[in-house]
There are 2 protein chains.
Amino acid sequence: MPRGECQGQGWWHGRFRGCGYRLTIGREAILDVLSKAPGHLSAEDIYIKIHPGHPNVGLTTVYRTLDVLSSLGMVSKLDFGDGRARYELAEGPKGAHHHHHLVCTDCNKVIDYTDFIDEEVELLRETEKGLGKKYNFKITNHVIQFYGLCDKCIHKK
Amino acid sequence: MPRGECQGQGWWHGRFRGCGYRLTIGREAILDVLSKAPGHLSAEDIYIKIHPGHPNVGLTTVYRTLDVLSSLGMVSKLDFGDGRARYELAEGPKGAHHHHHLVCTDCNKVIDYTDFIDEEVELLRETEKGLGKKYNFKITNHVIQFYGLCDKCIHKK
DNA sequence: TCACTATCGAAAATGGTTTCCAATTTCAAA
DNA sequence: TTTGAAATTGGAAACCATTTTCGATAGTGA
């Protein structure tokens, strides 16, 4: 994961070139899938979705690209505890679709919630600022997840 | 992970028995290590710490026990994104040592912070309540983590 | 004592992710 | 154009934390 730094603004194509990366067919295809499918795709999900139209894009490339996208801050890598990373397009803490996650520890169902987001984000922003200063961290991302049992799994046995 | 349900109160010994589990030497040793060492131990860390005094407790057992402890809510399973789970004794959202995490995505250094915890916890409690009701979730845990670059890694090229 | 489980450790298997490598593509400078 | 260095690629093999399997042992209640 070289050339990590480069959190500029701008988007997609320009962003890539500006950081010395090339926006190739494969990468575009991956971004395309991510922007169309509703969140939480695993590397394999993406690979499978891409394969019909781009049979020559390998799983390795998907992983590599997700890594790059992630280091550019364009994609968020999520972990719901099932041993398989998920990815979703990042939209910044103030983006219209910003959400947090509610994860069932039994069936691994994931609910995106946006309720309370405003309050959370506000608090988070302050916290981020304070922590960044105190610990000399350059904070780029946050994860808020609630774990528990979903409707079905509470009653299931 | 059988017999999942059993989030009673009480602690340790009584808690085990009450749920049909046995509190064996190995399990006690694991709880002991967790309660003494400062948080964030991986399964292997625990295995290594235990081994001198309990050479007959295998890594498998450590994993199994952590699983049980986790399902009993006595231990929190953490993920810092380095592909290796960490565990720490759970203390409940209101526990004296409750903290959240600040993770460097470059060197994987983890800082426990307690600043802002009060505000966070308060908001969290409300959110938890609201979400639980709205989505019919029985929320048992939450994760709040900030990711970024630590002091050293910002400047390290 | 007698079943009936829970539990055990070691070894093997699993499976997501990374690494390796040789071939290909891209792009800017000549 | 041509050219060469750097970026990128796919496939196979490696990696490695975690799980599963399996046969054996130990607790527990009757």
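Order of the sequence lines sets the chain letters (A, B, ...), proteins ahead of strands, with each chain counted from 1.
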Student: In Å and rounded to the nearest 0.5 Å, what is the CG to NE2 distance from B/Asp79 to B/His101?
Tutor: 11.0 Å

Student: Grab the N/O contacts between the protein and nucleotides 26-29 of chain C below 3.5 Å, and write none if there aren't any.
Tutor:
from   : atom 1 : to      : atom 2 : distance (Å)
C/dT26 : O2     : A/Arg22 : NH2    : 3.2

Student: Round to a whole Å and report the spacing from OH of A/Tyr47 to P of C/dT17.
Tutor: 15 Å

Student: What integer distance in Å separates B/Ile30:CD1 from C/dT7:C1'?
Tutor: 12 Å

Student: Around atom CD1 of A/Ile25, are there more than 12 heavy atoms of other residues, nucleotides or ligands at under 6.0 Å?
Tutor: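 Not more than 12 within 6.0 Å, no.
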
Student: To the nearest angstrom, how far is A/Arg27 atom CZ from D/dT8 atom P?
Tutor: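 That distance rounds to 4 Å.
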
Student: Once you measure the plane-to-plane angle for B/His100 and B/His98, does it fall in the parallel (<30°), tilted (30-60°) or perpendicular (>60°) bin?
Tutor: perpendicular

Student: How are the rings of A/Tyr113 and A/Phe146 set to each other: parallel, tilted or perpendicular (split at 30° and 60°)?
Tutor: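 Plane angle between 30° and 60°, so tilted.
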
Student: For residues A/Tyr21 and A/Val62: do they belong to one hydrophobic cluster (side chain heavy atoms under 4.5 Å, members Ile, Leu, Val, Met, Phe, Trp, Tyr)?
Tutor: yes

Student: Nearest whole Å is fine: how far is D/dT20 C1' from B/Leu59 CG?
Tutor: 14 Å

Student: Check the interface with nucleotides 12-16 of chain C: list each N/O to N/O pair with the protein under 3.5 Å, or write none.
Tutor:
from   : atom 1 : to      : atom 2 : distance (Å)
C/dG16 : OP1    : A/Arg84 : NH2    : 2.5

Student: Does C/dT17 have OP1 or OP2 sitting under 4.0 Å from an N or O in the side chain of A/Arg64?
Tutor: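 No.
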
Student: Under a 4.0 Å threshold between the charged nitrogen and the carboxylate oxygen, would B/Glu44 count as salt-bridged to B/Arg84?
Tutor: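 Salt bridge between B/Arg84 and B/Glu44, a charged N being under 4.0 Å from a carboxylate O: yes.
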
Student: Pick out the pairs of N or O atoms, protein on one side and nucleotides 1-3 of chain C on the other, that lie under 3.5 Å.
Tutor:
none

Student: Separation of B/Arg86 atom CZ from D/dT18 atom C1', in whole Å?
Tutor: 14 Å

Student: Measure the distance from CG on A/Asp67 to C1' on C/dT19 and round it to the nearest whole Å.
Tutor: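 Whole-Å distance recorded here is 13 Å.
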
Student: Among residues at least two apart in sequence or on other chains, which ones pass salt bridge (Lys or Arg N to Asp or Glu O under 4.0 Å) with B/Arg17?
Tutor: none

Student: Can you measure B/Lys77 atom NZ to D/dA17 atom C1' for me and round it to whole angstrom units?
Tutor: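 Atom NZ in B/Lys77 sits about 10 Å away from atom C1' in D/dA17.
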
Student: With DNA chain D as reference, determine whether A/Thr65 or B/Ser42 sits nearer its 5' end, using the nearest nucleotide of each.
Tutor: A/Thr65

Student: Between the side chains of B/Asp32 and B/Lys36, is the shortest nitrogen-to-carboxylate-oxygen separation below 4.0 Å, so that they form an ion pair?
Tutor: yes

Student: Tell me, please, which residues at least two apart from A/Lys133 pass salt bridge (Lys or Arg N to Asp or Glu O under 4.0 Å).
Tutor: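 Salt bridge (Lys or Arg N to Asp or Glu O under 4.0 Å) list for A/Lys133, sorted by chain: empty.
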
Student: Would you please name every residue forming a salt bridge (Lys or Arg N to Asp or Glu O under 4.0 Å) with A/Asp115, sequence neighbours left out?
Tutor: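 A/Asp115: salt bridge (Lys or Arg N to Asp or Glu O under 4.0 Å) contacts with B/Lys134.
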
Student: Taking atom types as modelled, is there a side-chain donor on A/Asp67 or A/Ser70 under 3.5 Å from an acceptor on the other?
Tutor: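 Judged by distance alone, the side chains do not pair up.
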
Student: Rounded to the Å, how far apart are B/Tyr21 OH and D/dT28 C1'?
Tutor: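 For the pair B/Tyr21 OH and D/dT28 C1', the rounded distance is 17 Å.
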
